[in-house]
There are 2 protein chains.
Amino acid sequence: MANNNGSNCHLCMQKSDVFKRLNHDELDAVNGCRVTIKYRPGEIIFKQGSPCHDFVCIVSGLAKLYIESECEKRIIIGFAKPVDYIFVPGAFTDKRHHFSAVACEETTACLVNAEVFQNILDNNNAFASAFIKKVSEQAIGMFEQLASLTHKQMPGRIADVLLSLSQKIYNANPFVTSLSRQDLADMSGMTKESAIRILKTFKDDNLIRTDSDTIELLNVPMLETISRNG
Amino acid sequence: MANNNGSNCHLCMQKSDVFKRLNHDELDAVNGCRVTIKYRPGEIIFKQGSPCHDFVCIVSGLAKLYIESECEKRIIIGFAKPVDYIFVPGAFTDKRHHFSAVACEETTACLVNAEVFQNILDNNNAFASAFIKKVSEQAIGMFEQLASLTHKQMPGRIADVLLSLSQKIYNANPFVTSLSRQDLADMSGMTKESAIRILKTFKDDNLIRTDSDTIELLNVPMLETISRNG
DNA sequence: GCACTCCGTTGATATAAATCAACAGAATAA
DNA sequence: TTATTCTGTTGATTTATATCAACGGAGTGC
């Protein structure tokens, strides 16, 4: 895994609201200590509980972020897609990862030394502001997920997952996904079997169409109604 | 509700890790635009969906923060106690409140103009860093709550609530609380009736003791075991 | 005084969802 | 090739939890 192969920070800078705030020197600092790594599907980028030394920026592919409990259950709390770094709250507190990140498909990530990142954050107000904005958006997303998981029944939760995948993750309507049924279940807080059953009722009602890894939402308004009604 | 009655910012500064980072001028700016308000139990400090013009700092009492869904259900996502401001993610995004804050008991809050607050955040790196640290801690707390609510059964969730109240909110073991059974249920994602039933089994097993508004944890290790086992 | 609402409590019943079990197909390893 | 593991799927059964209903007590307003 060589350093600085493929992309460089100046390319990413154009694509990311947050990295736009970096000046030339800061970008050089990041570029200088940056390590690019390719992950294959299923490979762990970082593991819950492990120390966090680096900030991770996803350059290509898709990573899922999930919490694992003692009881072997997982809950997917979000995704990281290009070009975005992963907000690691532990980096600012106990220097531990509080969730795991795993590549869903072939994924490239840049690792940036946490101290370098922290240093920029401490000195560049615009960057810090953009960072806080991003963290705020993520917090709001967590609120929505928490409300969905605790207040809605399974059809509403699956509707939420499908709408979120189409509108926030893939930004497409027939979308091709690398997520398994288990992943969909982990997003919606249910078992794989239950997720499959709900998807089947949606298919029977012509709300969606699935074909191997492709999912198409045929009736978005109805899915939104199901989401609202819980 | 007059301005600047009772406390002043210099007192709060000593009690809050975050406000310690403010210099004299910044503190004066905050002090100058600050409005102090007393809320009675049950009164709304701010309401989900409403525009957020001010940052809220709790000076005395206790406020509960909760998300309300369309289906009339609530989930308490945290508390604010003295001296702490409430992190309002909407202030950095869509200028709307994404959860409601309600006084649990007689509560005093200082409202600080959001622009003044934002201005300090943009210019004081140490303050911004402390802010990010606080937000990170809150995010980690949300992860734990999400895992508790989605992966544990009712006894584990109630154990989590009791331990959290004793160890994080009240910092006392027999503690006197102003929270209703409904509030405990809203913290643990279940109905009031279910919460009461679990509390009863805990009482029957001599894990806790309750006397009107007082709750005492008699067997913390066992409660922790119940929490771990879900 | 009385009516009324809110909170805490308990029991009976209904139901959403997990668990258990089985199997087919695809992918992977030996 | 065969064996083996993982994913997707379906059905039968169990169970955790919500819902419904009822009641006593405390507080509040009239």
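Numbered from 1 within each chain, the chains take letters A, B, ... in sequence-line order. In this text, all values refer to a predicted model and were calculated from it rather than measured experimentally. Note: hydrogens, waters and symmetry copies are ignored here, and every other heavy atom, side chains too, is used.
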Atom-pair distance (CD on Glu72(B); C1' on dA18(D)), nearest Å: 17 Å

Positions of residues 184-193 of chain B (non-hydrogen atom under 4.0 Å from DNA chain C), listed by number: Lys192(B), Glu193(B)

Atom pair distance, as rounded to whole Å: CD in Gln182(A) and P in dT5(D): 19 Å

Heavy atoms from other residues, nucleotides or ligands near NZ of Lys203(A) exceed 12 (cutoff 6.0 Å): yes

Pair Glu144(A) + Arg157(A), salt bridge at N-O below 4.0 Å: no

Whether Phe55(B) and Phe117(B) hold their rings parallel, tilted or perpendicular, with breakpoints at 30° and 60°: parallel

Selection: residues 149-163 of chain A, any non-hydrogen atom under 4.0 Å of DNA chain C: Gln153(A), Met154(A), Arg157(A)

Plane angle bin for Tyr170(A) and Phe175(A) - parallel if under 30°, tilted between 30 and 60°, otherwise perpendicular: parallel

Ring-ring centroid check Tyr85(A) Phe131(A), cutoff 6.0 Å: yes

Pair of N/O donor and acceptor under 3.5 Å linking dT19(D) base with Arg197(B) side chain: yes

Heavy-atom side-chain proximity of Pro82(B) to Val59(B) below 4.5 angstrom: no

Carboxylate-amine/guanidinium proximity below 4.0 Å for Lys73(B) and Asp186(B): no

Between dG8(D) (P) and Leu199(A) (CG): distance, integer Å: 10 Å

Cation-pi check, Lys134(B) onto Phe92(A) ring (under 6.0 Å, within 45° of axis): no

Glu68(B) and Lys47(B) ion-paired at < 4.0 Å: yes

Pair Phe87(A) + Phe99(A): ring centers closer than 6.0 Å: no

Chain B contact limits on DNA chain C, taken 5' to 3' with a cut-off of 4.0 angstrom to heavy atoms: dG8(C) to dA12(C)

Separation of atom CD1 in Ile196(B) from atom P in dA18(D), rounded to whole Å: 12 Å

Pair Phe143(B) and His98(A), ring centroids less than 6.0 Å apart: no

